[in-house]
Amino acid sequence: QVQLVESGGGSVQPGGSLRLSCATSGFSLSMHDMGWYRDTGKGRDLVASIARGPGRTNYADPVKGRFTISRDNVKNMVYLEMNSLKPEDTAVYYCNAKITDQYDLRRYDYWGQGTQVTVSS
(Lines give C-alpha, C1' and ligand atoms only; values in the text may rest on other atoms or scores of the structure.)
Protein backbone atom coordinates (compact mmCIF):
# COMPACT_ATOMS: atom_id res chain seq x y z
CA GLN A 1 0.00 0.00 0.00
CA VAL A 2 1.38 3.36 -1.04
CA GLN A 3 1.93 5.75 1.85
CA LEU A 4 3.36 9.27 1.89
CA VAL A 5 3.92 11.04 5.20
CA GLU A 6 5.13 14.64 5.27
CA SER A 7 6.92 16.33 8.14
CA GLY A 8 9.01 19.43 8.78
CA GLY A 9 6.46 22.19 8.39
CA GLY A 10 6.13 25.03 10.85
CA SER A 11 6.33 28.77 11.33
CA VAL A 12 9.32 30.79 10.23
CA GLN A 13 10.19 34.44 9.71
CA PRO A 14 10.73 35.88 6.22
CA GLY A 15 14.19 34.99 4.98
CA GLY A 16 14.28 31.82 7.04
CA SER A 17 14.62 28.20 5.98
CA LEU A 18 12.76 24.94 6.42
CA ARG A 19 13.27 21.41 5.18
CA LEU A 20 10.23 19.29 4.43
CA SER A 21 10.52 15.52 4.42
CA CYS A 22 8.30 12.90 2.82
CA ALA A 23 8.60 9.33 4.05
CA THR A 24 7.47 6.92 1.37
CA SER A 25 6.52 3.25 1.49
CA GLY A 26 4.74 0.64 -0.60
CA PHE A 27 6.55 1.32 -3.87
CA SER A 28 10.02 1.64 -5.33
CA LEU A 29 10.91 5.31 -5.04
CA SER A 30 13.54 5.30 -7.78
CA MET A 31 11.06 4.07 -10.38
CA HIS A 32 8.46 6.84 -10.13
CA ASP A 33 8.21 10.61 -10.44
CA MET A 34 7.83 12.56 -7.22
CA GLY A 35 6.83 16.11 -6.47
CA TRP A 36 5.89 18.73 -3.92
CA TYR A 37 2.72 20.78 -4.34
CA ARG A 38 1.26 23.56 -2.24
CA ASP A 39 -2.22 24.84 -1.60
CA THR A 40 -2.70 28.47 -0.55
CA GLY A 41 -6.45 28.04 -0.47
CA LYS A 42 -6.75 28.79 -4.17
CA GLY A 43 -5.94 25.35 -5.46
CA ARG A 44 -2.99 22.97 -5.44
CA ASP A 45 0.03 24.05 -7.50
CA LEU A 46 3.24 22.25 -8.38
CA VAL A 47 6.27 23.56 -6.50
CA ALA A 48 8.98 21.13 -7.57
CA SER A 49 9.32 17.70 -9.13
CA ILE A 50 12.00 15.07 -9.48
CA ALA A 51 11.83 12.45 -12.20
CA ARG A 52 12.45 8.74 -11.79
CA GLY A 53 15.82 7.31 -12.73
CA PRO A 54 18.47 10.03 -13.09
CA GLY A 55 16.22 12.43 -11.17
CA ARG A 56 15.88 15.46 -13.42
CA THR A 57 14.33 18.29 -11.39
CA ASN A 58 11.83 20.96 -12.29
CA TYR A 59 10.72 24.05 -10.32
CA ALA A 60 7.89 26.52 -10.45
CA ASP A 61 9.11 30.01 -11.33
CA PRO A 62 8.28 31.56 -7.91
CA VAL A 63 10.64 29.16 -6.11
CA LYS A 64 13.50 28.82 -8.57
CA GLY A 65 16.83 29.48 -6.91
CA ARG A 66 15.32 29.20 -3.41
CA PHE A 67 13.92 25.66 -3.17
CA THR A 68 15.67 22.35 -3.84
CA ILE A 69 14.00 18.97 -4.22
CA SER A 70 15.99 15.81 -3.62
CA ARG A 71 15.47 12.10 -3.15
CA ASP A 72 17.16 9.36 -1.12
CA ASN A 73 16.28 6.03 -2.70
CA VAL A 74 17.92 4.06 0.10
CA LYS A 75 16.00 5.76 2.89
CA ASN A 76 12.85 6.07 0.73
CA MET A 77 12.67 9.79 1.43
CA VAL A 78 11.92 12.88 -0.62
CA TYR A 79 12.97 16.32 0.61
CA LEU A 80 12.20 19.93 -0.13
CA GLU A 81 14.80 22.38 1.09
CA MET A 82 13.28 25.85 1.28
CA ASN A 83 15.47 28.93 1.70
CA SER A 84 14.83 32.67 1.63
CA LEU A 85 11.22 32.04 2.52
CA LYS A 86 8.64 34.71 1.77
CA PRO A 87 5.16 35.32 3.19
CA GLU A 88 3.70 34.22 -0.14
CA ASP A 89 5.23 30.76 0.43
CA THR A 90 2.69 30.24 3.19
CA ALA A 91 0.64 27.17 2.27
CA VAL A 92 -0.09 23.56 3.01
CA TYR A 93 2.60 21.51 1.27
CA TYR A 94 1.82 18.07 -0.11
CA CYS A 95 4.09 15.25 -1.22
CA ASN A 96 2.98 13.61 -4.46
CA ALA A 97 3.86 10.33 -6.14
CA LYS A 98 2.95 9.54 -9.74
CA ILE A 99 2.89 5.78 -9.89
CA THR A 100 2.41 3.71 -12.99
CA ASP A 101 0.39 0.60 -12.25
CA GLN A 102 2.26 -2.47 -13.46
CA TYR A 103 -0.94 -4.18 -14.62
CA ASP A 104 -3.05 -1.54 -16.37
CA LEU A 105 -0.09 0.75 -17.11
CA ARG A 106 -2.10 3.76 -16.04
CA ARG A 107 -0.57 6.53 -13.97
CA TYR A 108 -2.09 7.33 -10.60
CA ASP A 109 -1.55 10.23 -8.21
CA TYR A 110 -0.94 9.57 -4.53
CA TRP A 111 -0.85 12.28 -1.88
CA GLY A 112 0.33 12.75 1.66
CA GLN A 113 -1.76 14.43 4.33
CA GLY A 114 0.02 17.77 3.96
CA THR A 115 2.12 19.91 6.26
CA GLN A 116 1.54 23.58 7.05
CA VAL A 117 4.24 26.15 6.33
CA THR A 118 3.67 29.67 7.64
CA VAL A 119 6.05 32.52 6.82
CA SER A 120 5.33 35.59 8.90
CA SER A 121 7.09 38.24 10.93
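Numbering of residues begins at 1 and proceeds along the displayed sequence.
In this structure, OG1 in Thr68 is found 6.5 Å from CG in Asn83, a value given to the nearest 0.5 Å. Atom SG in Cys22 sits 10.5 Å away from atom CG in Leu80 (nearest 0.5 Å). For the atom pair Ser21 OG and Glu81 CD, the distance stands at 9.0 Å (nearest 0.5 Å).
Hydrophobic clustering of Ile, Leu, Val, Met, Phe, Trp and Tyr side chains at less than 4.5 Å, counting indirect connections, unites Leu4 with Leu29. No path of Ile, Leu, Val, Met, Phe, Trp and Tyr side chains, each step under 4.5 Å between heavy atoms, connects Val117 with Tyr94, placing them in separate hydrophobic clusters. Following chains of ILVMFWY side-chain contacts shorter than 4.5 Å, one can reach Val63 starting from Val78, so the two form part of one hydrophobic cluster. A continuous path of ILVMFWY side-chain contacts below 4.5 Å connects Trp36 to Val12, so both sit in one hydrophobic cluster. When the side chains of ILVMFWY residues are joined at heavy-atom separations under 4.5 Å, either directly or via intervening members, Tyr108 and Met34 end up in a single hydrophobic cluster.
Residue pairs meeting the salt bridge (charged side-chain N to carboxylate O under 4.0 Å, His left out) criterion with at least one member in residues 37-47, sequence neighbours excluded: Arg38-Asp89. Every pair tested for salt bridge (charged side-chain N to carboxylate O under 4.0 Å, His left out) that includes a residue from residues 14-23 fails, sequence neighbours excluded, so the list is empty. Residues in residues 2-31 take part in these ring pair (Phe, Tyr, Trp, His ring centres under 6.0 Å) pairs, two or more places apart or across chains: Phe27-His32.
When atom types are taken as modelled, the side chain of Tyr59 and the backbone of Ile69 share a donor-acceptor pair closer than 3.5 angstrom. Judged purely by atom type and a 3.5 angstrom limit, Arg106 has no side-chain atom pairing as donor or acceptor with the backbone of Gln102. Using a distance-only test at 3.5 Å, with no hydrogens or angles considered, no donor-acceptor pair links the side chain of Gln13 to the main chain of Ser121. Of the possible polar contacts, none joining the Gln3 side chain to the Gly26 backbone as a donor-acceptor pair under 3.5 Å is found. Within the 3.5 Å criterion, the main-chain N or O of Gly35 finds no donor-acceptor partner in the side chain of Ser49.
Not counting sequence neighbours, the partners of Arg52 by the salt bridge (charged side-chain N to carboxylate O under 4.0 Å, His left out) test are Asp33. For Tyr37, the ring-ring contact (aromatic ring centres under 6.0 Å, His included) partners two or more places apart in sequence, or in a different chain, are Trp111.
Ala91 approaches Thr40 most closely through the heavy-atom pair CB-CG2, 3.8 Å. Taking all atoms of both residues into account, the shortest heavy-atom contact from Asn73 to Ser30 is ND2-CB, 3.4 Å. Minimum interatomic distance between Ser84 and Ser17 (heavy atoms only, all atoms of both residues): N-OG, 4.4 Å.
Here Met77 sits in one hydrophobic cluster together with Tyr79; the rule is ILVMFWY side chains under 4.5 Å apart, joined directly or through other members.
Within the 4.5 Å cutoff, no side-chain heavy atoms of Glu6 are placed close to those of Leu20. Side-chain contact between Leu46 and Asn58 is present, with at least one heavy-atom pair separated by less than 4.5 Å. Counting heavy atoms from C-beta outward, Ser120 and Pro87 have side chains that stay 4.5 Å or more apart.
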(request) Using the side chain to side chain contact (heavy atoms under 4.5 Å, CB included) rule, take Thr90 and Glu88 through it: C-alpha gap first, then chi angles, then the decisive distance, then the call. (result) CA-CA 5 Å; Thr90 295; Glu88 50 263 42; over 6 Å; no
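A donor-acceptor contact closer than 3.5 angstrom is absent between the side chains of Thr24 and Asn76.
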